[in-house]
Amino acid sequence: YSTRITELIFSPLIGVDKEQNPMPVLASKFEISKDGTEIVVFLKTGVKWHDGNNFIADDVIFTVKAMKHPKTTTSDKAMLMLIKKVEKIGESVLKFKFVRPVGNPARYLSFKILPKHLFNSPYIKRDNFFGRKPVGTGPFKFVRWSGNNKIELQKNPYYFAPLFLSGIDFQEI
């Protein structure tokens with residue numbers, strides 16, 4: 001269930017719809033180059049982190065660099081290895097360049113974005129506080145771990161789409 005919890009706490013730039021087609025999430029739209037080597041992403045404006053800070057293009061750039069850093073260990077690293085670089089080409093516009101042409105490049109932008117303002121290192125450390133108290137832009141925010149491996153999530157008051165649940169509790173059985 002850890003994957004599902006992560007999906008509820010963090011939003012990707014691009015997700016998939018019911019038919020598994022690419023769909024903007026933190027992006028408002030995206031444009032793929034004809035040769036499949038670049039994708040320009042236009043970020044949604046007004047998105048906030050669970051702590052109330054604004055989600056910005058620098059968060060995406062930090063995430064890509066931190067995830068690709070040799071000292072970072074993450075399951076998302078393989079997805080990012082095809083990204084050659086990401087650059088800000090406008091206040092809320094990013095250009096991703098891939099190491100080679102890729103089919104459906106939007107699928108490589110489905111990783112979770114991290115809040116740059118909460119990290120003081122260029123890479124992600126396993127013992128970082130963030131692993132115990134994650135902050136995302138997803139529909140639900142982390143509240144606490146409780147006894148018996150229970151995780152409590154609460155509705156994100158800043159979420160950019162309607163939510164019909166006030167919270168979710170996960171209990172390992």
Side-chain angles (χ1 to χ4, degrees), residues 1-30 41-69 72-80 86 91-92 94 106-173:
Y1 62 88
S2 64
T3 299
R4 184 63 184 135
I5 293 169
T6 299
E7 291 170 346
L8 292 169
I9 295 174
F10 297 95
S11 297
L13 291 173
I14 300 171
V16 292
D17 64 16
K18 292 184 280 188
E19 287 80 35
Q20 300 299 301
N21 296 310
M23 171 188 86
V25 180
L26 289 175
S28 59
K29 67 178 184 172
F30 56 92
V41 176
F42 299 81
L43 300 178
K44 282 185 179 169
T45 57
V47 175
K48 293 188 178 290
W49 293 100
H50 295 155
D51 62 9
N53 282 287
N54 290 324
F55 165 72
I56 57 175
D58 290 335
D59 294 317
V60 179
I61 293 168
F62 164 77
T63 299
V64 171
K65 288 181 178 178
M67 299 283 236
K68 290 177 63 111
H69 195 285
T72 297
T73 304
T74 175
S75 59
D76 287 341
K77 190 173 248 185
M79 184 185 310
L80 290 149
V86 58
E91 195 54 40
S92 59
L94 296 161
R107 74 176 176 205
Y108 294 98
L109 303 184
S110 64
F111 53 89
K112 62 183 176 266
I113 308 299
L114 301 173
K116 179 183 178 186
H117 69 277
L118 292 179
F119 290 87
N120 58 9
S121 172
Y123 60 93
I124 314 303
K125 301 174 189 173
R126 279 282 185 203
D127 61 350
N128 187 293
F129 77 95
F130 194 79
R132 295 180 302 280
K133 183 109 171 123
V135 174
T137 56
F140 293 90
K141 68 181 195 171
F142 176 83
V143 176
R144 71 178 148 264
W145 300 91
S146 354
N148 299 325
N149 292 326
K150 183 177 177 182
I151 296 174
E152 297 176 41
L153 303 180
Q154 153 185 111
K155 180 179 180 176
N156 173 6
Y158 305 112
Y159 196 60
F160 45 87
L163 296 173
F164 304 104
L165 297 174
S166 60
I168 302 172
D169 292 345
F170 287 88
Q171 174 70 53
E172 183 179 25
I173 298 175

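Taking 4.5 Å as the limit, every side-chain heavy atom of Leu94 sits out of range of all side-chain heavy atoms of Phe30. Here the side chains of Ile5 and Phe142 are not in contact, with every heavy-atom distance at 4.5 Å or above.
Remark: side-chain polar atoms of Thr72 are not paired, donor with acceptor, to backbone N or O of Tyr123 under 3.5 angstrom.
When all heavy atoms of His117 and Asn53 are compared, the pair lying nearest together is NE2-ND2, 3.1 Å. Scanning all heavy atoms of the two residues, the minimum distance from Pro139 to Leu163 falls at O-CD1, 3.1 Å. A pairwise comparison of heavy atoms in Ile124 and Ala66 identifies CD1-CB, 3.8 Å as the closest pair. Closest heavy-atom contact between Trp49 and Tyr158: O-CD1, 3.5 Å. Nearest heavy atoms, Phe140 versus Ser166: CE2-C, 4.4 Å. The two residues Thr63 and Asp59 make their nearest non-hydrogen contact at OG1-O, 2.8 Å.
Looking at Lys141, Arg4, His50, Lys112 one by one, the single match for side chain to side chain contact (heavy atoms under 4.5 Å, CB included) with Ile9 turns out to be His50.
The number of heavy-atom neighbours closer than 6.0 Å to NZ of Lys68, taken from other residues, nucleotides and ligands shown, is above 12.
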What side-chain donor-acceptor pairs closer than 3.5 Å can you find for residues 10-19, not counting sequence neighbours?
| residue | atom | partner | partner atom | Å |
| --- | --- | --- | --- | --- |
| Ser11 | OG | Thr137 | O | 3.4 |
| Asp17 | OD1 | Glu19 | N | 2.9 |
| Asp17 | OD1 | Gln20 | N | 3.1 |
| Asp17 | OD1 | Asn21 | N | 2.9 |

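Note that NZ of Lys65 and CG of Leu80 are 13.5 Å apart. Values are rounded to the nearest 0.5 Å. The distance from atom CZ of Phe170 to atom CG of Leu153, rounded to the nearest 0.5 Å, is 6.0 Å. For the atom pair CG of Asp169 and CD of Gln154, the computed distance is 10.5 Å after rounding to the nearest 0.5 Å. For the atom pair CD1 (Ile113) and CD1 (Ile61), the distance works out to 10.5 Å, reported to the nearest 0.5 Å.
Under the salt bridge (charged side-chain N to carboxylate O under 4.0 Å, His left out) criterion, no residue pair touches residues 41-55, with sequence neighbours excluded.
Not a single salt bridge (Lys or Arg N to Asp or Glu O under 4.0 Å) links Lys133 to another residue, sequence neighbours left out.
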